[in-house]
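First up is the structure itself, then whatever we jot down about it.
So that the names make sense, note that chain A is the first sequence line, chain B the second, and so on, each numbered from 1. This is a predicted model, so every value here is computed, not measured. Heavy atoms only: backbone and side chains are in, while hydrogens, waters and symmetry mates are out.
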Amino acid sequence: MISKLWLKVVMFVSAIALSGAVYAIPSVPDETYEALGLDRGATPKQLHEALVKRYKDPEQGFGKGTMGDYWEPIPLSTYMDPATFYEPPVSMRDKADRKECVECHSDESPVWVNAWKKSAHANLDKVRALKPEDPTYYKKGKLEDVEKNLRSLGYLKEGEQLKEVSCIDCHVNIKQEGKIDHSKDLIMPTADVCGKCHLQEFAERESERDTLIWPHGQWPDGRPSHALDYKANVETTVWAAMPQREVAEGCTMCHMNQNKCDTCHTRHEFSVAESRKPEACATCHSGVDHNNWEAYSMSKHGKIVAMMGNNWNWDVPLKDAYSKGGQTAPTCAGCHMEYEGEYSHNMVRKIRWANYPFVPGIAENINSEWSEERLDAWVVTCTQCHSERFARSYLDLMDKGTLQGLAKYQDAHEVVDKLYNEGLLAGQKTNRPNPPEPEKPGFMIFTQLFWSQDNNPASMELKVLEMGENDLAKMHVGLAHVNPGGWTYTEGWGPMNRAYVEVQDENTRIREMIALKERVAKLETKRTSLLDLDGTAEKISLGGLGGGMLLAGTIALAGWRKRKQNEA
Amino acid sequence: MISKLWLKVVMFVSAIALSGAVYAIPSVPDETYEALGLDRGATPKQLHEALVKRYKDPEQGFGKGTMGDYWEPIPLSTYMDPATFYEPPVSMRDKADRKECVECHSDESPVWVNAWKKSAHANLDKVRALKPEDPTYYKKGKLEDVEKNLRSLGYLKEGEQLKEVSCIDCHVNIKQEGKIDHSKDLIMPTADVCGKCHLQEFAERESERDTLIWPHGQWPDGRPSHALDYKANVETTVWAAMPQREVAEGCTMCHMNQNKCDTCHTRHEFSVAESRKPEACATCHSGVDHNNWEAYSMSKHGKIVAMMGNNWNWDVPLKDAYSKGGQTAPTCAGCHMEYEGEYSHNMVRKIRWANYPFVPGIAENINSEWSEERLDAWVVTCTQCHSERFARSYLDLMDKGTLQGLAKYQDAHEVVDKLYNEGLLAGQKTNRPNPPEPEKPGFMIFTQLFWSQDNNPASMELKVLEMGENDLAKMHVGLAHVNPGGWTYTEGWGPMNRAYVEVQDENTRIREMIALKERVAKLETKRTSLLDLDGTAEKISLGGLGGGMLLAGTIALAGWRKRKQNEA
Amino acid sequence: MISKLWLKVVMFVSAIALSGAVYAIPSVPDETYEALGLDRGATPKQLHEALVKRYKDPEQGFGKGTMGDYWEPIPLSTYMDPATFYEPPVSMRDKADRKECVECHSDESPVWVNAWKKSAHANLDKVRALKPEDPTYYKKGKLEDVEKNLRSLGYLKEGEQLKEVSCIDCHVNIKQEGKIDHSKDLIMPTADVCGKCHLQEFAERESERDTLIWPHGQWPDGRPSHALDYKANVETTVWAAMPQREVAEGCTMCHMNQNKCDTCHTRHEFSVAESRKPEACATCHSGVDHNNWEAYSMSKHGKIVAMMGNNWNWDVPLKDAYSKGGQTAPTCAGCHMEYEGEYSHNMVRKIRWANYPFVPGIAENINSEWSEERLDAWVVTCTQCHSERFARSYLDLMDKGTLQGLAKYQDAHEVVDKLYNEGLLAGQKTNRPNPPEPEKPGFMIFTQLFWSQDNNPASMELKVLEMGENDLAKMHVGLAHVNPGGWTYTEGWGPMNRAYVEVQDENTRIREMIALKERVAKLETKRTSLLDLDGTAEKISLGGLGGGMLLAGTIALAGWRKRKQNEA
């Protein structure tokens, strides 16, 4: 016993020595300390202030963005970017203190209070009383970290403990005393507010900005990520351009992790067990263009979790999930929050394909040293449950299968690109209005997935656009989540084969029509010169007949690149 | 203690005084008592008789309906409308008494008996023994209500308790004594049979007929609802007209709540916990034209229930679900059975959009007083968990988003309507047979979703029909159930954008073809007059060339209106 | 009590007398003993040897198959057909004994070890200690059977008990002693390896080869089945022909039950409770062409399991699931592993439609004696929970509904078949390359679902191909799994109606184009003869103009037949 204690002391001292500081948070990567101009010995206050400064900087992704002049918030925007749009409710002039908040809202919005009562926030004493043998004992340590942060930030005095976390602590200020005025004092907590107490988690999440730097700028720095997903949203041209704001703001309902923490940690129970379950990611990571949930939940991995998960202890931290929680199959969080054996809120350190294999430079990069290092990190993940040979065999299948899908997409793309360059798409020369500002006209641009007018886009143009954006993405996602139907017949290859066939059919049909028109025109020309005495021969003016080459087609892929720089 | 007892007596007397009657059931709305010509003091017997009289009236929705001559039941119809089609099994001449039913069916159909043994029906004594501290104590009160009803109906004497509810009580008669003959005495219980004991629930359900009266007859009185969903089924023309009876009767498998209670309360356990869970609604409220389940279950609401629901007590009644059951996220029943803070089997009192925004008069009505009152009722629902400002912000997004989808649908509709009016749809003038009787020919009629022959309907006609019936419905449902992918990219807007693009493409193609045909015709005419000596020039007879305006297009929406009046 | 004991003895002796042998396994059908040339008294060793001889015979479905020259394995093939492709890892030269395997892999691949520790394999003593009142007491009997097998095979001496089942027993050899060399001794267990201990289950599974003999060879003997699903895979032409091996091997990820047991019994917990749950089948039995999971899980059956299943005991064997496990709704295993009241790993004894109603001879056979006997077996299944009249009514609906879908498919097929016979499909005469070897050119062949090039296949050809392969299959599956939306509007009839409409539209369009081309040609011919002095009139050479009848169309269905013979 004595020797063990001694060992712990040595390890603790070594940890300090190695990290160089009492305050260092091992899970926050060096890249972030560097980007913030801090050394690892920075105090919680220093770290929080540096993070918040960047977080609230409009030049670095805060707020309405560069296209902010083109759109107005809707009422719900108040809650999706509260730092920019939230105002306390002017008509609600009631004043209340710490205790009255809880009392009154027990009637006003009872489920808030019910949920909060179940939360760790409402049960700090229980957390403090946890014994080492309890699988959630780690929470006691978390609470001590929180108090360390609050001491650094000046909210707690040395030796003072946090008494409670109640409505007022998050919605006005930590340890707020006395009466507050709803109409003046109320705030909607943003990530930096949560980050006062939960500094480690906030810093981990913010480190996504620093650890996903694409070698050839395939995507903007730090993207795609949760840390910059609102920026990605507001910098997407069609999002800013669409007059249908209620449709556009549907995107924001997921693209708001940058702003808030409650997409994963739903209020007001803030159950960590909940946030560890795969369903926690499903509402956002699903659907026609990023069907991660569908692919995973239908995979054997996902189904084992569905079948056996009720026997597991979801209250243990991720690092103990397999060993102490009894888990025997992987979850979203278990694989994507892991990096080199450690778990954090930075989920982008192993990103290689970023869901969208058609983005220029992604496939070309997939065997680079940058990507191989990330592949090796995946092998670490997979070998918790599989042999290295098995893991590498599967990841090889994933990469090659994705490339096969990409090639099929490119074949179809070429056909439609050629039609566009020849001006032959339906209505291309006669009936193709420009998209709304600030979008610019273009071929196969992301905007066309959500905006259309007259013959912009053409049907085959949209088909290939969706083939890349949706079907190819789903093919990769199916491969990445080991769902065979997801890349062979139900999603991925089967639908891409179908799209290719339709594109080829339409190409043949368009060119047959052109050929026939030319024959008719020839007949008309001859008749006009030889026979047509009344001069009424129809002018050859319909779209698609003859026509100069359009240059726009040659910049088709540039549109994609631009779009992807604007999205996360 | 004494004072509390005294208080209870006072409250009980007051309740009688306020309601005006010992027998009043507060959850049954005045509208129903009025419609039945009863005052609130009506006895259970009076109420049941009045309800059954209406329930069994062919003029008010009972039985085969006005198109009954056009279709014959299939064998399974026996069980879907037993009041009309069920006959006891003539070949089954065994006689059995109360006890023998159970004994014999323990071998014959053991799961019936196993399930029944778990039910409250088989455990009346346990229900009677419930203590006030038990969360299911309310069942004791329910049983007392049942006995009160049975006394009024003459099944129980004053002071007599119900001993058991066994096979024979529901499948022959309550408290049936002696041997019964399968081939003569057996019945399949219909809603009114369940309603003898469960009068409150039956009356609540039947009240849907009285509380959903559309201000401009957008839908028929009392529809859409569970109370009249079989009527809606048999009054839908294509349902009656289709020769494929086994396909048509697939619709009936959900559209039979009017007839029976076991769609939600599955036999023979009749678990109320089960019927409270969202999955209880999923089989019917799902699919391409009313994806309520998909939208909800993929929303954050639905996912929280999926993740955390196992920790909640589903045995408590809905009114206690949040406060005592531990529930922290909404279910189907929790929101749709609630009205002004009370819960009942009337699920239509907050209906505003009725799933189908394209139905004429629905969108126009959405800001009316009628609709605003219902919106306010929704705000009551939402503010159990959200602030009023948040709730109104979201509901505003829902309404506006729905209107944006409707506008896109109307744009596409107009294009195809114009083609139809000009007679230009594929095969419209040459190859468009009439639908089967009793359906009448029409443009973009509901029937075309399930019936087609030759070129009726045209592909683009069906596309826009589905755009309204499916995609726009899904867009609204996605909005209503807070599933962002459900109105932006996966369902709703994205698919509607795609459909619009295809319609525009086809419109351009058709008109280019017409133009080319006209050029050829002109060449032929001139050649015929000047050069063609053998007189064989093809007559201009193919569909789409020239052609008078069709009037039918102008009544396009009338078809929808008619259909919707026939459906629930 | 004495008389009951006496009765048991009599029954036991009778059982031996009737079966003719101590070793007979009642659940293995006579057909299998006959096919193997064994009598029912065969010892476990004799039975295992005979099964393995057939199992490993390339003439009877083992290994690469008849198209093996056309494809090469990918790295992952190692694990999908280990008997053919697995080699021990040459770079891994560590030697380890029984105990060291576990120790080392506790670090190397910890979840393997965690999962194994939960398995029956790691807890043989607990199994032996089970009391008769334990619902899993049957496992004690299973263990005794295993030991009986091992004694017969010479692994255990008479009276010797099995001490443990550890890594080495399955991955090297049973009761392996001493150090093994990873690079030389390691094996990946195939079904016959599992079958040494689990002989009954292996023999039951292998009996699928013997009990599914189609009366007119609609499918090859013993197919479709788990027992020959890898053969079905490698004998499918497009699978062998596709250059995209990573796409093709996606099919193998499910089509490998022939080779291994861990698709259902996932390693290394091998939980039987897990394998009894419906999700165990979902990953493979799902998707666009066999949506069994989607149909079932959205049905009332599936939803009751989802809602109530957590209250049931999944540890009891299938035969006790309803009576002792508390189950009140059916699962995949509960219905498909049952035959005449008994449960086994032969899941094909009630097959009638085999998912694909368009396969020639299937519909024609559906009322044959062969099929009626199987229908009667289904009635036995259904009457556990339903009356016979109800069961037969529903099964009648299922058959007739399927035939209605088939007729709609045939209507559309005829239209496209005629176009093909006239050479009118897009690019049919000008731009239709042959598929890769060993596939042969053909109309509407299975290959076209996964391979396309230029105008092979045409869009409408693929549409009807998918209508049969996907939509009609889904329609039947929806009917078979009592999911009304699955055969009316969401899947099945609705999509088939849509496909029919598109086919008719395209047919009209193509024929209008042909007519117009003919008019132009006539104009050109006349002009050429009368007026065209420069001789430049375009030759009538474009596809679809005139053209002789193609004979290929008449053999269209033959392609299907061929394909189905190659698939399971």
Side-chain angles (χ1 to χ4, degrees), chain B residues 74-76 78-79 89 108-112 114-115 118 244-247 249-251 253-254 263 266 269 271 274 277 279-280 282-284 286-289 293 310 426-427 431 448-452 454-455 457-460 462 466 513 516-517 520 523-524 527 531-532 537-538 542-544, chain C residues 298-300 302-304 306-308 310 322-323 326-329 383-387 389-390 392-394 396-398 400-401 404-405 408 478-479 482-485 487-490 492-494 497-498 500-502 504-506 508-509 512-513 515-516 518-520 522-523 526-527 530-531:
Chain B
I74 62 170
L76 197 74
T78 305
Y79 302 95
E108 280 298 307
S109 50
V111 187
W112 283 356
N114 295 347
K118 296 184 182 188
Q244 296 86 1
R245 296 314 307 159
E246 277 70 20
V247 177
E249 292 281 16
C251 304
M253 289 195 72
C254 286
T263 311
T266 64
E269 183 171 348
S271 161
E274 177 191 315
K277 292 194 172 182
E279 290 88 350
T283 303
C284 296
S286 56
V288 75
D289 68 339
W293 166 253
N310 278 339
N431 193 26
Q448 292 162 332
L449 289 167
F450 299 104
W451 172 87
S452 56
D454 300 341
N455 286 124
S459 178
M460 283 305 115
L462 182 59
E466 293 186 325
M513 187 69 173
L516 188 61
K517 282 183 183 170
V520 173
L523 286 167
E524 288 169 335
R527 280 183 64 257
L531 294 166
D532 194 354
E538 197 178 336
L542 286 166
Chain C
M298 282 303 293
S299 75
K300 206 68 186 175
K303 286 300 175 210
I304 293 176
M307 288 185 282
M308 306 301 280
N310 278 339
Y322 292 116
S323 54
Q327 194 175 311
T328 53
T383 51
Q384 295 173 89
C385 304
H386 297 285
S387 73
R389 184 162 59 147
F390 183 96
R392 291 200 182 273
S393 295
Y394 189 79
D396 180 71
L397 179 153
M398 178 187 80
K400 288 185 182 152
Q404 290 157 7
K408 191 80 184 173
L479 282 155
V482 203
N483 182 344
W487 78 84
T488 53
Y489 51 93
T490 301
W493 186 260
N497 184 66
R498 189 180 309 133
Y500 173 94
V501 166
E502 290 179 24
Q504 289 286 3
D505 229 67
E506 181 77 350
T508 299
R509 194 197 65 69
E512 284 190 15
M513 186 69 173
L516 187 62
E518 283 171 359
R519 286 161 64 192
V520 173
K522 187 181 281 184
L523 287 167
K526 299 225 164 132
R527 281 182 64 257
L530 293 173
L531 295 165

Which of B:Glu279, B:Glu249, B:Gln448, B:Met460 touches chain C most, by non-hydrogen pairs under 4.5 Å: B:Glu279
Side chain proximity check, B:Tyr79 to C:His386, heavy atoms < 4.5 angstrom: no
Contact leader toward chain B among C:Gln384, C:Lys400, C:Arg392, where contacts are heavy-atom pairs under 4.5 Å: C:Gln384
Minimum heavy-atom distance between C:Leu516 and B:Met513, given as atom pair plus value: CD2-CE, 3.8 Å
Pairwise distance CG(C:Leu523) to CG(B:Leu523) - rounded to 0.5 angstrom: 5.5 Å
Closest approach of B:Leu449 to C:Asn497 (non-hydrogen atoms, all atoms of both residues): O-ND2, 3.1 Å
Side chain proximity check, C:Val482 to B:Met253, heavy atoms < 4.5 angstrom: yes
Minimum side-chain heavy-atom gap B:Lys517-C:Glu512 below 4.5 Å: yes
Segment of B:Trp293 engaging chain C (4.5 angstrom heavy-atom cut-off): side chain
Rounded distance [0.5 Å steps], CD1 in B:Ile74 versus CG in C:Asp396: 7.5 Å
Interchain contact, C:Thr488 with chain B, by part (heavy-atom threshold 4.5 Å): both
Donor-acceptor under 3.5 Å (B:Ser459 side chain, C:Val501 main chain): no
Best-contacting candidate, C:Gly326, C:Gly494, C:Gly485, C:Gly405, against chain B by heavy atom pairs under 4.5 angstrom: C:Gly326
Validation row: C:Pro484, B:Thr283 side chains within 4.5 angstrom (heavy atoms): yes
Heavy-atom check, side chain of B:Ser452 versus side chain of C:Lys408, under 4.5 Å: yes
Part of B:Ser286 lying under 4.5 Å from any heavy atom of chain C: both
Selection from C:Arg509, C:Lys303, C:Glu506, C:Met398 maximising heavy-atom pairs under 4.5 Å formed with chain B: C:Lys303
Atom group of B:Glu108 that falls short of 4.5 Å from chain C, counting heavy atoms: backbone
Heavy-atom pair count under 4.5 Å with chain B, highest-scoring of C:Arg498, C:Glu502, C:Gln327: C:Arg498
Flag side-chain contact, heavy atom, 4.5 Å: B:Trp112 against C:Thr328: no
Non-hydrogen side-chain atoms of B:Ser271 and C:Met308 separated by less than 4.5 Å: yes
Structural part of B:Leu462 lying under 4.5 Å from a heavy atom of chain C: side chain
Shortest non-hydrogen contact from B:Ala282 toward C:Met298: O-CE, 3.5 Å
Where B:Ala426 and C:Asp505 come nearest, the two heavy atoms and their spacing: CB-OD1, 3.4 Å
Under 4.5 Å from any heavy atom of chain C - which part of B:Glu269: side chain
Expected output: side-chain B:Asn114 to main-chain C:Tyr322 donor-acceptor under 3.5 Å: yes
Min side-chain heavy-atom separation B:Val520-C:Val520 under 4.5 Å: yes
Straight-line distance of C:Leu397 CG to B:Leu76 CG, nearest 0.5 Å: 6.0 Å
CG on B:Asn310 to CG on C:Asn310, rounded to 0.5 Å: 4.5 Å
Closest non-hydrogen atom pair, B:Phe450 against C:Trp493: O-NE1, 2.8 Å
C:Tyr489 versus B:Val288, closest heavy-atom pair with distance: O-CG1, 3.6 Å
